[in-house]
Structures are given as structure tokens and as C-alpha cells.
Amino acid sequence: MSVKENLARIQQEIEQACKKSNRKIDDIQIIAVTKYVTVERAIEAINSGILHLGENRDDGFLSKYNSIGSKAVWHFIGTLQTRKVKNIIDKVDYIHSLDRISLANEIEKRADRTIKCFVQVNTSGEQSKHGVAPEQCIDFIQQLKEYRHIEVVGLMTMAPFTDEEEEIRRCFRSLKQLQEQVKALNIANAPCTELSMGMSNDYKIAVEEGATYLRIGSSLVGT
């Protein structure tokens with residue numbers, strides 16, 4: 001199916017989830033995760049009205065960026081190695097995987113403008129997933145107070161790939177609770193108003209639990 005057809009279906013499902021949870025669809029931003037598709041498919045997404053694109057490797061990001069450039073808003077959504085920061089920092093708009101001080105130090109050193117960052121939180125507790133532990137999240141963000149080039153716009157998580165809906169909801173709800181706690185601290189460079197959660201298999205649940213950014217790949221642009 002075309003990206004446009006997939007987008008229409010996904011938007012309809014998001015609208016239903018918004019009605020169910022008494023939310024506004026305008027508060028939700030779809031990121032097309034284009035890491036497994038061609039530049040041409042990414043351009044098709046842009047032509048369908050999706051301006052936010054997500055990549056998880058620096059080489060894939062640079063390949064797409066060199067063809068598309070500032071026509072898109074760029075999200076780096078994968079684990080970011082410290083040594084790769086220099087390759088993307090002057091091109092990326094959002095980083096969804098800030099999870100350690102060494103990475104924050106490198107962003108601060110390399111950036112010449114404010115980078116919007118999501119702190120990645122491992123709400124599932126799975127060893128295979130990156131992210132700070134929920135109980136360490138606030139202390140981590142407190143350590144970022146003096147970083148002039150980092151703005152913590154929100155938190156990010158990945159729920160387990162499971163059919164257990166309640167486990168997925170638990171992960172998303174715990175992130176929402178954390179986000180509200182951080183927001184209440186009124187840290188100047190950590191407004192923490194956003195939640196990056198929900199992918200192709202669980203974005204409807206994520207909307208119901210408060211997501212503002214959805215990272216959708218296969219359901220939207222395919223593989």
C-alpha cells in the first residue's frame with residue numbers, strides 16, 4: 001500500500017484512540033521511521049504530508065539527509081554512540097535516546113545550538129533495552145541543568161513486544177507519571193512536556209496513555 005493510504009488508516013485509528021481517552025489529535029505528532037526503507041519511500045512519506053522522519057543509525061541518517069535535507073524534521077531514535085555524535089549533531093533536530101552523561105557531554109561539546117532531547121527510560125526493565133532506570137531518571141535530568149545545548153523536551157520508552165496489553169500500558173503509564181514529576185520540578189532546560197512512546201504494534205495504546213510523539217515504521221512506510 002502507499003504511504004498515503006497507510007497514513008489515512010493510522011490517522012483514523014489515532015482519532016479513535018483520542019476520542020476514547022478524551023485527547024486532541026492535534027497534540028500527537030507522527031514520526032515516520034524510515035530506517036528500513038529507501039530514500040524514495042522516505043520522500044513519498046514527505047509528499048504524503050509527514051514532515052517528521054526518524055532514523056536509528058548515523059549512516060542511514062546521513063544517506064537520507066543528503067537527499068532530503070531540511071525538507072524534513074529529523075529525529076535520531078536509536079542508541080547513539082558517543083563517537084558518532086559529531087556525524088549528526090549539526091543536522092538532527094531531536095535525539096530520542098539520551099541515556100548517559102558521557103553522551104550528554106559529547107552533545108554539549110559538539111552542538112552549536114540547542115538540541116531537543118528525550119531522555120530514554122527503560123520502563124520494562126528488560127536487559128536488552130537501553131535507557132536509564134525509572135528510579136534514576138530525575139537525578140539524571142538534574143545533572144543536565146547546566147548543559148546549555150541540551151533541552152529535555154520529554155521522555156522516551158519502548159514497551160515490550162508482547163500481546164500482554166496490560167504490561168504495555170504499565171510501561172507507558174509509568175513514563176507518563178515520571179514525565180509529570182519532572183515537569184513539576186520546573187527545571188529551565190527540562191520542560192519535559194512530551195512523551196515519545198508507541199510504535200507500529202502499540203501506538204493506539206500509547207495514544208490512550210498520553211503519547212505525544214509516535215515512532216511508526218512498518219505500519220506506515222513498510223520494511
Side-chain angles (χ1 to χ4, degrees), residues 1-18 25-81 83-98 115-118 120 128-131 153-154 156-163 168 172 194-208 211-223:
M1 293 180 71
S2 69
V3 176
K4 191 172 184 178
E5 290 171 318
N6 289 336
L7 179 61
R9 173 182 51 79
I10 289 167
Q11 286 176 324
Q12 187 176 39
E13 291 175 342
I14 291 172
E15 188 171 359
Q16 291 170 351
C18 284
I25 194 168
D26 291 343
D27 294 337
I28 296 160
Q29 181 65 60
I30 295 173
I31 303 166
V33 179
T34 53
K35 61 183 181 179
Y36 293 128
V37 300
T38 62
V39 169
E40 290 73 22
R41 190 69 163 173
I43 291 172
E44 183 185 344
I46 292 172
N47 291 338
S48 300
I50 302 169
L51 298 181
H52 292 251
L53 301 184
E55 288 284 327
N56 74 332
R57 295 173 63 92
D58 67 315
D59 51 356
F61 169 79
L62 292 170
S63 174
K64 301 266 190 349
Y65 185 90
N66 288 337
S67 296
I68 296 170
S70 59
K71 293 178 183 176
V73 177
W74 292 100
H75 298 252
F76 195 89
I77 61 172
T79 300
L80 181 56
Q81 296 178 0
R83 63 187 176 88
K84 299 292 183 71
V85 169
K86 64 181 182 295
N87 298 339
I88 68 162
I89 198 65
D90 60 336
K91 302 173 181 66
V92 74
D93 298 291
Y94 291 82
I95 294 173
H96 289 242
S97 48
L98 178 56
I115 305 297
K116 296 181 184 296
C117 295
F118 290 85
Q120 182 171 353
S128 60
K129 287 188 168 62
H130 293 267
V153 296
M156 182 274 252
T157 199
M158 290 183 285
F161 193 81
T162 176
D163 293 329
I168 295 171
F172 291 160
E194 310 299 331
L195 284 175
S196 171
M197 58 189 197
M199 300 187 290
S200 287
N201 60 307
D202 56 19
Y203 64 84
K204 290 176 281 188
I205 299 172
V207 170
E208 292 173 10
T212 59
Y213 283 80
L214 306 173
R215 310 181 307 273
I216 306 179
S218 57
S219 293
L220 179 57
V221 295
T223 56

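Reckoned from all heavy atoms, side chains included, excluding hydrogens, waters and symmetry mates.
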- Task: Inspect the surroundings of NZ in K64 and state if more than 12 heavy atoms from other residues, nucleotides or ligands are less than 6.0 Å away.
- Result: yes
- Message: In the structure I gave you, are the side-chain heavy atoms of S97 and H130 within less than 4.5 Å of one another anywhere?
- Response: no
- Nearest-0.5 Å distance, NZ of residue K204 to CD1 of residue I10: 10.0 Å
- Kindly compute the distance separating CZ (F76) from CD1 (I89), expressed to the nearest 0.5 Å. 10.5 Å
- May I ask you to check whether F61 and W74 place their ring centers less than 6.0 Å from one another? yes
- Backbone N or O of G78 within a donor-acceptor pair of the N56 side chain at under 3.5 Å? no
- Any chance CG of D163 has more than 12 other-residue heavy atoms, nucleotides or ligands included, within less than 6.0 Å? no
- Query: Going through the distances and angles, do V33 and V221 end up as a side-chain contact (heavy atoms from CB on, under 4.5 Å)?
  - Reply: CA-CA 8 Å; V33 179; V221 295; 5.9 Å; no
- Item | Considering all heavy atoms, the nearest A42-T34 contact | CB-CG2, 3.9 Å
- Nearest 0.5 Å please: distance from the CD atom of Q120 over to the CD1 atom of I77. 10.0 Å
- Message: Just so I know, are the side chains of L53 and V73 near enough to count as touching, which here means a heavy-atom distance under 4.5 Å?
- Response: no
- Message: Can you give me the closest heavy-atom contact between M197 and A211, atom names plus distance?
- Response: O-CB, 3.3 Å
- Message: Please check if the number of heavy atoms outside R57 that lie under 6.0 Å from its CZ is greater than 12.
- Response: no
- Item | Student check: side-chain heavy atoms of D202 and F172 closer than 4.5 Å | yes
- Item | Test item: E55 and V92 side chains (from C-beta on) under 4.5 Å apart, heavy atoms | no
- Query: Side chains of S219 and N6: does their closest heavy-atom pair fall under 4.5 Å?
  - Reply: no
- Query: Of the non-hydrogen atoms in V3 and A45, which two are nearest, and what is the gap between them?
  - Reply: CG1-CA, 3.8 Å
- Among side-chain atoms of T212 and E194, is any donor-acceptor pair under 3.5 angstrom? yes
- Aromatic ring pairing Y94/H75, orientation class (parallel under 30°, perpendicular over 60°, tilted between): parallel
- Query: Do L214 and M199 come within less than 4.5 Å of each other through their side chains, counting heavy atoms only?
  - Reply: no
- Side chain proximity check, C18 to V207, heavy atoms < 4.5 angstrom: yes
- Indicate the atoms forming the closest heavy-atom contact of L7 with S48, along with that distance. CD2-O, 3.5 Å
- Message: Within the 4.5 Å heavy-atom criterion, are I14 and I30 side-chain neighbours or not?
- Response: yes
- Query: Atom CD1 in I168, atom CD1 in I205: separation rounded to 0.5 Å?
  - Reply: 4.5 Å
- Item | Distance (rounded to the nearest 0.5 Å) between S63 OG and K35 NZ | 15.5 Å
- Task: Could you tell me which non-hydrogen atom of L62 sits nearest to which non-hydrogen atom of K91, and how far apart they are?
- Result: CD2-CD, 3.8 Å
- E44 side chain to S2 main-chain N or O, any donor-acceptor pair under 3.5 Å? no
- Reported CD1-to-OH distance for the pair I28 and Y203, which is rounded to 0.5 angstrom: 11.5 Å
- Query: Between the side chain of R9 and the main-chain N/O of L220, is any donor-acceptor distance below 3.5 Å?
  - Reply: no
- Item | Minimum-distance pair of heavy atoms, taken over all atoms of I216 and S200 | CG2-OG, 3.6 Å
